[in-house]
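Here the structure is a predicted model, which means the values were calculated and not measured.
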Amino acid sequence: MASWKAQHPSVSGHQGAYEMREIVNALLYQSRTGCQWDYLPHDLPPVGAVKYYFSKWRDDGTDQTIHDLLRWQVRESRGRKADPSLVGLDTQSLHAAVGVPADTTGRDAAKKSQATSAAWQLMFSVW
C-alpha cells in the first residue's frame, strides 16, 4: 500500500482519516458478504469513505490492476505462466456471440449435418 500511496500523492497533502487497510477490509467484506453498503459493520470506516475509494479505484483502473497482479501472483505460485495460453470455447458461446460472422459459428448439431463444426475446428486449430 505504501508504494500505491507514493504513486498517488494527494494534491492537497491530506493523507486521509482512515487507514487504507481498513478501506480495503471494508471493500473485501462487502464483496464477500454481498451486504448493502449501508449495512457495513460499524467497526469499519464510514460508508461514504468506502464508497469514495471504491468509485475512485473503479474509475481510474486501480481495482483492475490489483486484480491482475493478484491473479498473476497466484498463477505463478502454482507454477503456471502469468497469462493463460489457451482459452476454451464451447459451441453455444460461438453461436450466441454478437458480431461473429454466421459462416464461422458452426452448424446446429440437431440438424444431423455431416459437416464438421467450425467451432470445433477453431478450438483444435490452436493446438
Side-chain angles (χ1 to χ4, degrees):
M1 197 51 70
S3 65
W4 183 87
K5 280 186 174 183
Q7 292 176 354
H8 299 85
S10 173
V11 176
S12 66
H14 179 67
Q15 294 302 317
Y18 307 102
E19 290 291 325
M20 279 295 130
R21 181 65 203 172
E22 289 302 311
I23 298 290
V24 172
N25 285 342
L27 290 171
L28 291 173
Y29 180 86
Q30 198 279 334
S31 175
R32 183 177 52 249
T33 63
C35 75
Q36 300 291 321
W37 285 104
D38 292 335
Y39 296 121
L40 284 174
H42 296 290
D43 59 337
L44 294 172
V47 175
V50 177
K51 278 185 173 179
Y52 168 78
Y53 282 103
F54 172 77
S55 300
K56 181 177 171 137
W57 292 346
R58 180 196 58 210
D59 295 343
D60 70 7
T62 300
D63 63 337
Q64 189 62 42
T65 302
I66 291 170
H67 177 266
D68 292 342
L69 290 171
L70 289 173
R71 186 185 68 237
W72 294 337
Q73 183 179 11
V74 168
R75 288 185 60 83
E76 288 176 349
S77 71
R78 294 182 180 171
R80 298 178 176 178
K81 293 182 180 178
D83 288 321
S85 59
L86 179 67
V87 176
L89 300 173
D90 63 346
T91 56
Q92 187 65 32
S93 298
L94 291 174
H95 284 296
V98 177
V100 175
D103 60 339
T104 63
T105 59
R107 302 221 188 286
D108 186 359
K111 291 184 180 178
K112 307 289 185 198
S113 173
Q114 297 296 330
T116 305
S117 172
W120 285 102
Q121 292 172 358
L122 174 66
M123 189 180 304
F124 289 111
S125 67
V126 175
W127 293 10

query = Do Ile66 and Trp72 share a hydrophobic cluster (ILVMFWY, side-chain heavy atoms under 4.5 Å, transitive)?
reply = no

remark   = Using a 4.5 Å side-chain heavy-atom cut-off and chaining through intermediate ILVMFWY residues, the residues clustered with Tyr39 come out as none

inquiry  = Quick check for you: to the nearest 0.5 Å, what is the distance between Arg21 atom CZ and Leu28 atom CG?
reply    = 6.5 Å

inquiry  = Quick check for you: to the nearest 0.5 Å, what is the distance between Gln30 atom CD and Gln36 atom CD?
reply    = 8.0 Å

query = Taking all non-hydrogen atoms of both residues, which atom of Leu44 and which atom of Glu22 are closest, and how far apart?
reply = CD2-OE1, 3.8 Å

inquiry  = With a 4.5 Å cut-off on side-chain heavy-atom distances among I, L, V, M, F, W and Y, is there a chain of contacts connecting Tyr53 to Leu69?
reply    = no

task = Drop me the distance from Leu70's CG to Thr65's OG1, to the nearest 0.5 angstrom.
result = 11.0 Å

query = Which heavy-atom pair separates Cys35 from Leu40 by the least distance, and what is that distance?
reply = SG-CD2, 4.0 Å

key: Where Val50 and Pro45 come nearest, the two heavy atoms and their spacing   = CG2-O, 3.8 Å

Side-chain (Ser77) to main-chain (Val74) donor-acceptor, under 3.5 angstrom = yes

request  = Evaluate whether atom CZ of Arg80 has more than 12 neighbouring non-hydrogen atoms of other residues, nucleotides or ligands under 6.0 angstrom away.
outcome  = no

key: By ring pair (Phe, Tyr, Trp, His ring centres under 6.0 Å) - contacts of Trp37 (at least two apart)   = Phe54

inquiry  = Quick check: closest heavy atoms across Arg75 and Lys81, and the distance to 0.1 Å?
reply    = NE-O, 2.8 Å

task = Would you sort out whether Trp57 and Val24 count as a side-chain contact (heavy atoms from CB on, under 4.5 Å), showing the intermediate values?
result = CA-CA 11 Å; Trp57 292 346; Val24 172; 4.1 Å; yes

request  = Return yes when atom CD of Gln73 has more than 12 non-hydrogen atoms of other residues, nucleotides or ligands closer than 6.0 Å, and no otherwise.
outcome  = no

message = I need the Asn25 CG to Arg32 CZ distance, nearest 0.5 Å.
response = 8.5 Å

